[in-house]
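This structure is a prediction, so every number in the text was calculated from the model and none was measured. Residue numbers begin at 1 in each chain, while the letters A, B, ... track the order of the sequences.
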There are 2 protein chains.
Amino acid sequence: MSGGEESGTRGLHGTGAVAFSTRGEYGVRFMVALARMDHGNPVSLTEIAEVEDLPRAYLEQIVGSLRDAGIVDSARGAHGGYRLARPANEVRMGDVLRALEGPIVPMACLEGDGSACSKTGSCSVVQLWSRVRDSVSEALDSFTLADLAVPGAPITLKGR
Amino acid sequence: MSGGEESGTRGLHGTGAVAFSTRGEYGVRFMVALARMDHGNPVSLTEIAEVEDLPRAYLEQIVGSLRDAGIVDSARGAHGGYRLARPANEVRMGDVLRALEGPIVPMACLEGDGSACSKTGSCSVVQLWSRVRDSVSEALDSFTLADLAVPGAPITLKGR
DNA sequence: CTCAAACCTGATGGATCCAGTCGGAAATCA
DNA sequence: TGATTTCCGACTGGATCCATCAGGTTTGAG
C-alpha cells in the first residue's frame with residue numbers, strides 16, 4: 001500500500017474499483033423515496049427531487065430507465081407523477097440496478113455471449129470473474145425495496 | 001472517428017457496471033503467467049509481456065503496485081526480473097486485485113471511515129452497498145493464484 | 001376551450017480518469 | 001566497464017460520464 005496516500009482529492013466516486021455511478025445512487029434513492037411517499041396517488045418528480053436534493057432534469061432521465069424496465073408506472077398531466085408498478089417487497093434491488101446501470105460485467109470477456117474472448121475453455125481466469133458477477137447479483141437480489149424503505153428496522157440478512 | 005484498430009488496440013471495457021479496469025485484467029494475467037514460469041529464477045518483465053501480448057511499458061507500471069504490496073519480489077540488474085513472494089496457493093486473488101485496483105468500494109458513501117455520508121445510521125441503503133462490497137471480497141478471496149495457474153483442472157467451487 | 005403541470009426527447013459542454021508512451025537513473029552480473 | 005533489467009516521474013490523447021438546457025407532447029383541471 002505504498003501509494004496509498006489518497007491525496008484527499010474530491011470528486012465523488014473517484015476512488016475504488018467495482019463502483020456504481022451516480023445513476024445507480026440517484027436511482028436507488030429515488031426508489032426508496034418513492035416507496036415511502038407512495039400512498040396511492042402519483043408522486044411528482046419535482047417533489048422527490050427536492051426531498052432527496054437531486055438535480056431534477058438529470059433525475060428525469062434516470063427515471064426513464066426505470067419506467068422502461070416496468071419498475072415504476074408514470075402518469076402524465078396535471079397531478080401526474082410516478083407510482084410503484086409492484087409492491088415494494090416484490091421489487092428486487094438487482095432488477096433496479098440492472099435497469100439503471102446495465103448488466104453486471106466485471107470483465108470484458110464476459111460480455112454478451114462470451115464470444116469476445118477467443119480462449120474460452122482454456123482460460124481458467126474466467127471462472128473468477130464469473131463468480132464475482134454472480135456474487136454481486138445474489139447480493140443485490142437478496143434485498144427488496146421494502147427492506148430499504150422501512151427506515152427504523154434493521155435488516156435481517158438471510159444466511160451468514 | 002477513432003476507427004483505426006491496428007497495432008492491437010485495446011479499447012474495450014465499454015459496457016457494464018461494476019467493472020474492473022485493464023489494470024486488474026493485465027495484473028491478473030501477469031500473475032498467472034508468472035506463477036507458471038517461476039521455477040526459482042527471476043522472470044523478466046519483457047518475457048511475460050511477450051507471452052501474454054501486453055504493452056510492456058504499461059505493464060511495468062502495473063507490476064509496481066504488486067511489488068509495493070509485497071506480492072512479488074523484484075531483482076534488478078542483468079538476469080533480474082520478478083518472482084512470487086509466496087507460494088501460489090497462499091496468494092489470495094483478493095489481495096492481488098486490491099493491490100491493483102484499490103479498495104473495493106461500490107458507492108462513495110463507504111469510502112474511508114464512512115464519514116463521507118452525513119446520514120450514517122439513518123440510512124438503510126448503506127446496508128445494500130456494504131453487502132455488495134463484502135460479497136465481492138469473499139468471491140475474490142475464495143480463489144488463490146494456484147487455482148488459476150493450473151491450466152487443465154476445472155475449479156471445484158465450494159457452495160453453489 | 002384554455003391553461004398549466006408534468007413527462008419525454010435530443011443535443012451539448014466540461015471534468016475526470018484511464019491507457020499507453022517516453023526517457024533517464026539506479027542497480028546488478030559478466 | 002559494459003550490458004541488462006528494474007525503477008521512477010512526467011506527459012498526453014481519448015473515452016466516458018455527469019449534468020444541464022431547451023423544446024415538444026400529453027394529460028387533467030377549471
Side-chain angles (χ1 to χ4, degrees), chain A residues 2-3 6-7 9-27 30 34 41-50 53-68 72-83 100-102 108, chain B residues 1-27 29-30 34 41-50 53-68 72-83 100-102 107-108:
Chain A
S2 59
E6 219 61 86
S7 76
T9 13
R10 212 81 340 244
L12 44 158
H13 298 305
T15 323
V18 194
F20 292 101
S21 69
T22 56
R23 261 184 102 81
E25 179 190 344
Y26 293 178
F30 170 87
L34 177 59
N41 301 338
V43 184
S44 87
L45 192 99
T46 306
E47 198 174 350
I48 294 181
E50 268 179 31
D53 192 32
L54 296 176
R56 185 193 138 279
Y58 183 34
L59 190 58
E60 211 172 82
Q61 140 188 161
I62 293 173
V63 176
S65 302
L66 296 171
R67 194 197 67 116
D68 292 343
V72 299
D73 282 335
S74 62
R76 307 169 72 152
H79 297 102
Y82 291 96
R83 258 172 303 168
L100 291 168
E101 301 259 357
Chain B
M1 346 254 199
S2 79
E5 46 243 64
E6 56 187 24
S7 72
T9 324
R10 294 283 163 180
L12 28 128
H13 292 305
T15 325
V18 194
F20 291 101
S21 67
T22 57
R23 262 185 100 80
E25 180 190 344
Y26 294 177
R29 283 169 61 185
F30 170 87
L34 177 59
N41 301 339
V43 185
S44 87
L45 192 96
T46 306
E47 199 174 349
I48 295 182
E50 266 178 32
D53 192 32
L54 297 176
R56 186 193 138 280
Y58 183 36
L59 188 60
E60 210 172 85
Q61 146 189 154
I62 293 174
V63 176
S65 302
L66 296 171
R67 193 196 67 115
D68 292 343
V72 300
D73 282 335
S74 63
R76 304 170 71 156
H79 298 103
Y82 293 95
R83 259 171 301 170
L100 291 167
E101 300 260 359
M107 197 55 67

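- Not one side-chain nitrogen or oxygen of A:Ser74 sits closer than 4.0 Å to the OP1 or OP2 atom of C:dA6.
- The nearest whole Å value for the distance from the CZ atom in B:Arg56 to the P atom in C:dA19 is 19 Å.
- Taking 4.5 Å as the limit, some side-chain heavy atom of B:Tyr82 sits within range of a side-chain heavy atom of B:Ser74.
- A distance of 11.5 Å separates CZ of A:Arg67 from CD of A:Glu60, quoted to the nearest 0.5 Å.
- Put simply, B:Arg67 has a side-chain N or O that comes within less than 4.0 Å of OP1 or OP2 on D:dC7.
- For A:Gln61, whose side chain is taken as the heavy atoms from C-beta onward, the closest listed nucleotide among D:dT20, D:dC7, C:dT28 is D:dT20.
- In this structure, of C:dC7, C:dC29, D:dC17, it is C:dC29 that holds the atom nearest to the side chain of B:Ala78.
- Using a 4.0 Å heavy-atom criterion, one finds that A:Gly64 contacts no nucleic acid atom at all.
- The distance from the CD atom of B:Glu47 to the CG atom of B:Leu45 is 10.0 Å, given to the nearest 0.5 Å.
- Put simply, the side chain of B:Phe30 does not reach to within 4.5 Å of the side chain of B:Ile62, judged on heavy atoms.
- Between B:Thr46 and D:dT5, a side-chain N or O to OP1/OP2 separation shorter than 4.0 Å is absent.
- Counting only heavy atoms from C-beta on, B:His79 has its side chain closest to C:dA30 among D:dT26, C:dA30, D:dT20.
- Rounding to whole angstrom units, CZ of residue B:Arg83 and P of C:dT28 are separated by 12 Å.
- Taking the side chain as every heavy atom from C-beta outward, B:Tyr58 and B:Thr22 approach each other to under 4.5 Å.
- Among the nucleotides C:dC7, D:dT20, D:dA3, the one closest to any side-chain atom of A:Pro55 is D:dT20.
- As rounded to whole Å, 6 Å separates atom P of D:dT27 from atom CZ of A:Arg76.
- Set against C:dT21, C:dC7, D:dC18, the side chain of A:Thr22 has D:dC18 as its closest nucleotide.
- Checking D:dC7, C:dC22, D:dC18 against every side-chain atom of B:Ala57, the shortest atom distance belongs to C:dC22.
- If you measure from atom CG of B:Asn41 to atom C1' of D:dT5, you get 15 Å, rounded to the nearest angstrom.
- The nucleotide whose nearest atom lies closest to any side-chain atom of A:Ser44 is, among C:dA6, D:dT25, D:dC7, C:dA6.
- The base of D:dT5 is not paired with the side chain of B:Glu60 by any donor and acceptor separated by under 3.5 Å.
- The distance between atom CZ of B:Arg23 and atom C1' of C:dG20, rounded to the nearest whole Å, is 12 Å.
- Rounded to an integer number of Å, the gap from CD of B:Glu25 to C1' of C:dG20 is 15 Å.
- Distance, A:Glu47 CD to C:dC7 P: 11 Å, rounded to whole Å.
- Side-chain contact check for A:Pro42 versus A:His79: every heavy-atom pair is 4.5 Å or farther apart.
- Taking side-chain N and O atoms only, B:Tyr58 has no distance below 4.0 Å to OP1 or OP2 of D:dT12.
- Taking 4.0 angstrom as the limit, B:Tyr26 places none of its side-chain polar atoms (N or O) nearer than this to OP1 or OP2 of C:dC18.
- Taking atom CG of residue A:Asp73 and atom C1' of nucleotide C:dA6, one finds them 16 Å apart after rounding to whole Å.
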